[in-house]
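Just so you know, these numbers come straight off a predicted model, no measurement behind them.
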Amino acid sequence: MLQTPEYARAVFSRRRPLLDDETIERRVADRMDRQQIFDKWPAPMLSYVLEEVVLDRPIGGATVHAEQLRQLLRVGGMRNVEIQVMPTSQAEHPNMDGAFNLLTPRRHPQVAYTEIQGFPRLITDLEEVRKIADRYGIMRAMALPPTESQALIEKKLGEL
């Protein structure tokens with residue numbers, strides 16, 4: 001949801017096994033369509049914790065990388081979005097085993113979603129979701145606050 005089209009295209013173009021051009025473009029379009037959530041009203045509250053290393057990896061080359069950092073600054077500047085960076089200097093945190101999403105649909109219980117090595121999994125078991133939510137809370141406490149995260153992203157953009 002935070003990626004530019006060029007960054008997403010670069011990510012999908014380097015997948016192994018290789019994806020055909022039509023599949024890449026369809027996946028980029030799907031990813032961009034999900035960003036419509038930023039335009040909804042009332043605006044949903046969105047919170048992200050990103051590993052610092054993703055800010056340093058120049059996927060797609062210098063121009064794509066710089067635009068991706070600008071995108072993070074734009075989205076992170078929205079009133080309903082918080083982006084926090086987990087510093088690389090943080091030796092460990094409670095979610096070293098992969099990314100996840102927590103979703104709280106209106107009038108429905110919270111769920112979690114993971115996708116590891118191309119295998120998606122929707123988690124609806126309340127106890128398992130609670131454990132993931134607990135880990136997320138700890139991660140947010142360990143990560144840089146949003147204002148410091150924005151400053152770090154700006155610094156990295158300035159260094160390019």
Side-chain angles (χ1 to χ4, degrees), residues 1-13 15 19 22-55 57 59-60 64 67-88 90 92-154 157:
M1 294 221 346
L2 300 174
Q3 295 176 348
T4 66
E6 295 78 14
Y7 186 91
R9 191 170 290 107
V11 168
F12 288 128
S13 295
R15 281 255 170 110
L19 300 172
E22 182 180 321
T23 300
I24 291 169
E25 291 308 313
R26 188 175 62 249
R27 289 189 181 183
V28 169
D30 289 346
R31 192 157 283 184
M32 296 306 106
D33 284 347
R34 283 187 227 129
Q35 292 181 7
Q36 291 178 16
I37 195 166
F38 295 127
D39 300 324
K40 287 191 172 197
W41 190 258
M45 295 305 297
L46 302 165
S47 170
Y48 302 90
V49 176
L50 306 175
E51 293 277 358
E52 182 179 359
V53 69
V54 302
L55 305 177
R57 186 167 290 130
I59 292 176
V64 170
E67 188 54 35
Q68 179 60 40
L69 293 178
R70 285 187 200 94
Q71 169 77 350
L72 293 174
L73 292 170
R74 276 192 298 271
V75 174
M78 300 172 107
R79 291 186 308 154
N80 64 313
V81 178
E82 288 187 342
I83 295 177
Q84 292 179 259
V85 175
M86 180 67 71
T88 303
Q90 186 70 284
E92 54 188 59
H93 59 76
N95 199 57
M96 303 292 290
D97 56 349
F100 62 83
N101 295 296
L102 282 170
L103 309 162
T104 308
R106 187 173 290 164
R107 293 184 282 281
H108 294 284
Q110 189 173 51
V111 298
Y113 174 82
T114 65
E115 185 173 334
I116 299 173
Q117 296 295 321
F119 294 97
R121 180 174 172 233
L122 181 65
I123 302 164
T124 57
D125 177 76
L126 294 177
E127 182 61 18
E128 197 171 348
V129 172
R130 184 194 61 75
K131 289 176 184 176
I132 293 171
D134 288 349
R135 282 194 312 215
Y136 187 61
I138 295 167
M139 287 174 57
R140 288 191 69 195
M142 295 174 78
L144 296 174
T147 53
E148 289 179 34
S149 296
Q150 288 281 98
L152 178 61
I153 296 167
E154 288 171 355
L157 180 59

(request) Work out which heavy atom in Val111 is nearest to a heavy atom in Val129; give both atom names and the distance. (result) CA-CG2, 4.0 Å

(message) I need the minimum non-hydrogen distance between Glu128 and Asp125, along with the two atoms involved.
(response) N-OD2, 2.9 Å

(request) Supply the atom-to-atom distance Thr114 OG1 to Ile123 CD1, rounded to the nearest 0.5 angstrom. (result) 4.5 Å

(message) I need the Arg140 CZ to Ile138 CD1 distance, nearest 0.5 Å.
(response) 13.0 Å

(message) Using the rule given for side-chain contact (heavy atoms from CB on, under 4.5 Å), can you reason through Arg135 versus Ile132, listing the C-alpha separation, both sets of side-chain angles and the distance that settles it, and then say yes or no?
(response) CA-CA 5 Å; Arg135 282 194 312 215; Ile132 293 171; 3.4 Å; yes

(request) Go through the steps to decide whether Val49 and Asn95 satisfy the test side-chain contact (heavy atoms from CB on, under 4.5 Å), and finish with yes or no. (result) CA-CA 11 Å; Val49 176; Asn95 199 57; over 6 Å; no

(message) Could you walk me through whether Gln71 and Glu6 satisfy the side-chain contact (heavy atoms from CB on, under 4.5 Å) test, starting with their C-alpha distance in whole Å, then the side-chain angles of each, then the deciding distance to 0.1 Å, before giving a yes or no?
(response) CA-CA 11 Å; Gln71 169 77 350; Glu6 295 78 14; over 6 Å; no

(message) Closer than 3.5 angstrom, by distance alone: can the side chain of Glu82 be matched with the main-chain N or O of Met45 as a donor-acceptor pair?
(response) no

(request) List the atom of Leu72, the atom of Gln150, and the distance in Å for their closest heavy-atom pair. (result) O-OE1, 3.7 Å

(request) Over all heavy atoms of both residues, which pair between Leu69 and Ile153 is shortest? Give the atoms and the distance, please. (result) O-CG2, 3.7 Å

(request) State the CG-NZ distance between Asn80 and Lys40, to the nearest 0.5 angstrom. (result) 12.0 Å

(message) Please give me the minimum heavy-atom distance between Tyr136 and Leu102, naming the atom from each residue.
(response) CB-CD1, 3.8 Å

(request) Please confirm whether the backbone N or O of Met86 pairs with a side-chain atom of Glu52, one donor and one acceptor, at under 3.5 Å? (result) no

(request) Can you measure from CZ (Arg31) to CD (Gln3) and round to the nearest 0.5 angstrom? (result) 4.5 Å

(request) Step by step, work out the side-chain contact (heavy atoms from CB on, under 4.5 Å) result for Leu46 and Phe38. (result) CA-CA 9 Å; Leu46 302 165; Phe38 295 127; 3.4 Å; yes

(request) Please examine the side chains of Thr23 and Arg26, heavy atoms only from C-beta on, and report whether any two atoms are closer than 4.5 Å. (result) yes

(message) Tell me whether Thr4 contacts the main-chain N or O of Gln68 through its side chain, where contact means a donor paired with an acceptor under 3.5 Å.
(response) no

(request) Kindly indicate whether the side chain of Glu148, heavy atoms from C-beta on, has any atom under 4.5 Å from the side chain of Leu152. (result) no

(request) May I ask you to say whether Asp134 pairs ionically with Arg130, meaning some side-chain N is under 4.0 Å from a carboxylate O? (result) yes

(message) With heavy-atom distances below 4.5 Å as the criterion, would you say the side chains of Met139 and Gln90 are in contact?
(response) no

(request) Could you tell me whether the side chain of Gln84 and the main chain of Leu144 form a donor-acceptor pair under 3.5 Å? (result) yes

(request) Of all the heavy-atom pairs spanning Met142 and Glu92, show the shortest one and how long it is. (result) CE-O, 3.1 Å

